[in-house]
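Structure first, then comments.
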Amino acid sequence: MIDLKALRDNPERFKTGAQLKGVTVDVDRLLQLDASKRELGTRAEALRAEQKKLAKETGPKLGQLMGKMKSASGAEKAALEAEVESIKAAPARLKDDIQKLEAEIAAIDPELQTILLAVPLPPDNDVPRGTSEADNVELRRWAPDGWDFAKSFEENKGFAPKTHLELCESLGLVDFPRGVKIAGSRSYVLTGRGMQLHQAILRFAFDTMVNENGFTPMSVPVLVREESMVGTGFFPAGRDQTYHIEESARGGGYDMFLTGTGEVGLMGLHADEILDETTLPRKYVTVSTCFRREAGAAGKDTAGLYRIHQFDKVEQVIIDKADEQTSRAHHQSMMGYVEGLLQKLGLPYRLLQCCTGDLGVKNADMVDIECWMPGRGDVNSDGRPTGAFGETHSASRLYDYQCRRLNMRHREGGEAGKGATTFCHSLNNTVAASPRILIPILEMHQNADGSVTVPEALRGYMGSLEVIA
RNA sequence: GGAGAGGUGGCAGAGCGGUUGAAUGCGCCGGAUUCGAAAUCCGGUAUGGCCUUCGGGUCAUCGGGGGUUCGAAUCCCCCCCUCUCCGCCA
């Protein structure tokens, strides 16, 4: 959520921001509703002050009179009743007026909230402008010794590559038909070495973050309440992408949602809390199953392990005090952790600065990391793919957009300390999402004989297995 | 799933219709005392919104939302959460 005060002060900044992100939102309407609400609120508040004053002044007297009335009778009682009624009349009239104003406020508030939640965080000025992923800008790329991006896989390695689908099939790593039988389209079963490799990469990623990069390991819920989805900024925009457990429809208490990323649980941890600055930054890592409906993605990347409804992901988040330079530094280091990981895995990759149109509502800045996948991309004259980058990571910088929604603040000296509270800044980045990351691992480490060499970093998690054959 | 008990400030814990935004204790901050510290004493100590002539004013908030009332932390209704016992269970 953006700061409504900031919007009032500089509406153009938010209008431009929305435009750059390609988001349609009626900022003028929001300002108009906000002005009305404040005007009505101020009037209601003045009346309420008057009402409270009267109640305080006349309250004790009323109590006395009511007491007397109980024992009184006849003319005395009638006189007392009349006095009570006359005292009550003024505040009663005020109450009516207040209720009318409150009804007016209640009538405009839902629309105000709806628009407010939809206003995107304006992109940072140094984010390149653009309308789609075609306008994203490559920052840098890396490849292990012996790999030249200018050459084809065959020129680099001396044999034509198989796609990950072919490798999964021939090596018995994934069973797609049975996955589909059990759970429908975009489902799969990891089998044997496939499952082992999947677990190995998750463990490797998780352990690296905990043991080498100082992140606190966490297990968080993946089945969450709507508030958590709204608070983390996934709703309302991402509602269509989320599985919805309609408990209310079966007479149960409340609906729940399956999270598409561990970020929801990690960021939800400190909702409504005031964090002690001495405990910042909080660096958390979790591994969780992620669920995505992929509604509207029909036909896109349909083959194989690329776009699926359920996967597992190691996710990192950092929560720190509100400081742009600190946030920017965290962003860099979070990408650095991933680069270190990919280099240990020997996977060629590039960093892609997302343009304004590709940021999503909650990010000020986002950098995608893409791994080279020989089995993707345009096909050659033989009908074989020529390779392409595929997104495997996404590093977001959100300023206080998320923490404002979550009501997560920090203050010097902690909860009981002095000084003003400030909304925290938050960042998040993938560490490893599997099985998608298996695509470059399998395709890049395949051998001419159809086997796949296990990257050294993963062998410890696979019983020292060196080659999957 | 059944039965019961609760949710009050950073924490503990009173209040159960009328200056109660809330006693008291702890914690925290400032001061006194001290060579310094502990102990003791004194004072202070919620968050958010709106208005502001920037002095301040004002409203909301006692799990959340509605209601009753001139007036609600206190009464009523719905929801959420926690705990205890029974049942079931990885």
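Sequence lines set the chain letters: A, B, ... in the order given, protein chains first and strands last, and positions in each chain run from 1.
- Syn is the classification of rG55(B), since its glycosidic angle stays within 90° of 0.
- Remark: the separation of the P atoms in rU8(B) and rG64(B) is 10 Å, to the nearest Å.
- Residue contacts for Lys53(A): at a heavy-atom cut-off of 4.0 Å it reaches no nucleic acid atom on any strand shown.
- Residue Ile274(A) contributes atom CD1, which lies 11 Å from atom C1' of rG9(B) at whole-angstrom precision.
- Distance noted for atom P between rG57(B) and rA22(B): 14 Å (whole Å).
- Atom NE2 of His410(A) and atom P of rU47(B) are 14 Å apart (whole Å).
- The number of heavy-atom neighbours closer than 6.0 Å to CZ of Arg8(A), taken from other residues, nucleotides and ligands shown, is above 12.
- Where Lys95(A) and Thr422(A) meet RNA chain B, the nucleotide closest to each residue was compared, and Thr422(A) sits on the side nearer the 5' end.
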Below 3.5 Å, can you tabulate the donor-acceptor pairs from side chains in residues 236-244 of chain A to any protein atom, sequence neighbours excluded?
from: Arg239(A); atom 1: NH1; to: Glu226(A); atom 2: OE2; distance (Å): 2.7
from: Arg239(A); atom 1: NH2; to: Glu226(A); atom 2: OE2; distance (Å): 3.4
from: Gln241(A); atom 1: OE1; to: Glu294(A); atom 2: N; distance (Å): 3.0
from: Gln241(A); atom 1: OE1; to: Ala295(A); atom 2: N; distance (Å): 3.4
from: Gln241(A); atom 1: NE2; to: Ala295(A); atom 2: O; distance (Å): 3.0
from: Thr242(A); atom 1: OG1; to: Gly238(A); atom 2: O; distance (Å): 3.0
from: Tyr243(A); atom 1: OH; to: His309(A); atom 2: ND1; distance (Å): 3.0
from: His244(A); atom 1: NE2; to: Asp255(A); atom 2: OD2; distance (Å): 2.7

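- Distance from the side chain of Thr421(A) is smallest to rU47(B) among rU47(B), rC70(B), rC51(B).
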From CA spacing to verdict: side chain to side chain donor-acceptor pair (under 3.5 Å), Tyr401(A), His425(A) = CA-CA 8 Å; Tyr401(A) 185 86; His425(A) 280 188; over 6 Å; no
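- Within 4.0 Å (heavy atoms only), Arg404(A) reaches no atom of the nucleic acid at all.
- rA60(B) and rG67(B): their P atoms are spaced 15 Å apart (whole Å).
- Of the charged side-chain nitrogens involved, none lies within less than 4.0 Å of a carboxylate oxygen, so that Asp97(A) and Arg43(A) do not count as a salt-bridged pair.
- The gap from the P atom of rA39(B) to that of rC29(B) amounts to 13 Å, rounded to the nearest Å.
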remark   = Encoded 5' to 3' (Watson-Crick or G-U under 3.5 Å; [ ] crossing; | other strand), RNA chain B becomes ((((((((.[[[..)..(.....]]]((((((.......))))))((((((....)))))).[[[[[..)....]]]]])))))))....
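- Atom CD1 in Ile98(A) sits about 9 Å away from atom P in rA60(B), given to the nearest Å.
- For Thr42(A), taking side-chain heavy atoms from C-beta onward, the closest of the listed nucleotides rC80(B), rC51(B), rG57(B) is rC51(B).
- A straight line from CG of Asp272(A) to P of rG9(B) spans 13 Å, rounded to a whole angstrom.
- Rounded to a whole Å, the CD atom of Gln51(A) is 15 Å from the P atom of rU58(B).
- Residue contacts shown for Arg409(A) are limited to sugar-phosphate atoms, with no base heavy atom under 4.0 Å away.
- Rounded to whole Å, the P atom of rC28(B) lies 47 Å from the corresponding atom of rC70(B).
- Nucleotides rA72(B) and rU68(B) are separated by 11 Å at their P atoms, to the nearest Å.
- For the OP1/OP2 pair of rA60(B) and a distance below 4.0 Å, the side-chain nitrogens and oxygens of Lys52(A) include at least one atom meeting the criterion.
- Between the C1' atom of rG10(B) and the CG atom of Asp276(A) lies a distance of 11 Å, rounded to the nearest Å.
- The side-chain hydrogen bond (donor to acceptor under 3.5 Å, both in side chains) with His410(A) is formed by just one residue from the set Lys321(A), Arg282(A), Glu277(A); it is Glu277(A).
- Rounded to an integer number of Å, the gap from CZ of Arg38(A) to C1' of rU52(B) is 14 Å.
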request  = List the steps, then state whether ring-ring contact (aromatic ring centres under 6.0 Å, His included) holds for Tyr337(A) with Phe215(A).
outcome  = CA-CA 11 Å; Tyr337(A) 302 142; Phe215(A) 280 69; 5.5 Å; yes
inquiry  = I'd like to know whether Phe311(A) forms a ring-ring contact (aromatic ring centres under 6.0 Å, His included) with Phe291(A), so could you lay out the CA-CA distance, the side-chain angles of the two residues, the decisive distance to 0.1 Å, and finally the verdict.
reply    = CA-CA 7 Å; Phe311(A) 58 95; Phe291(A) 302 91; 8.7 Å; no
Distance-only check: which donor-acceptor pairs under 3.5 Å involve side-chain atoms of residues 454-469 of chain A, not counting sequence neighbours?
from: Arg459(A); atom 1: NE; to: Val454(A); atom 2: O; distance (Å): 2.8
from: Arg459(A); atom 1: NH2; to: Val454(A); atom 2: O; distance (Å): 3.0
from: Tyr461(A); atom 1: OH; to: Asp207(A); atom 2: OD2; distance (Å): 2.7

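- When the C1' atom is used for both rU69(B) and rG17(B), the distance is 9 Å, rounded to whole Å.
- Using C1' as the reference atom, rG63(B) and rG7(B) are 6 Å apart when rounded to the nearest Å.
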key: CA sep, side-chain torsions, deciding dist, call: Glu315(A), Thr286(A), side chain to side chain donor-acceptor pair (under 3.5 Å)   = CA-CA 6 Å; Glu315(A) 178 78 5; Thr286(A) 191; over 6 Å; no
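- Distance CG (Asp97(A)) to P (rC70(B)): 15 Å, rounded to an integer number of Å.
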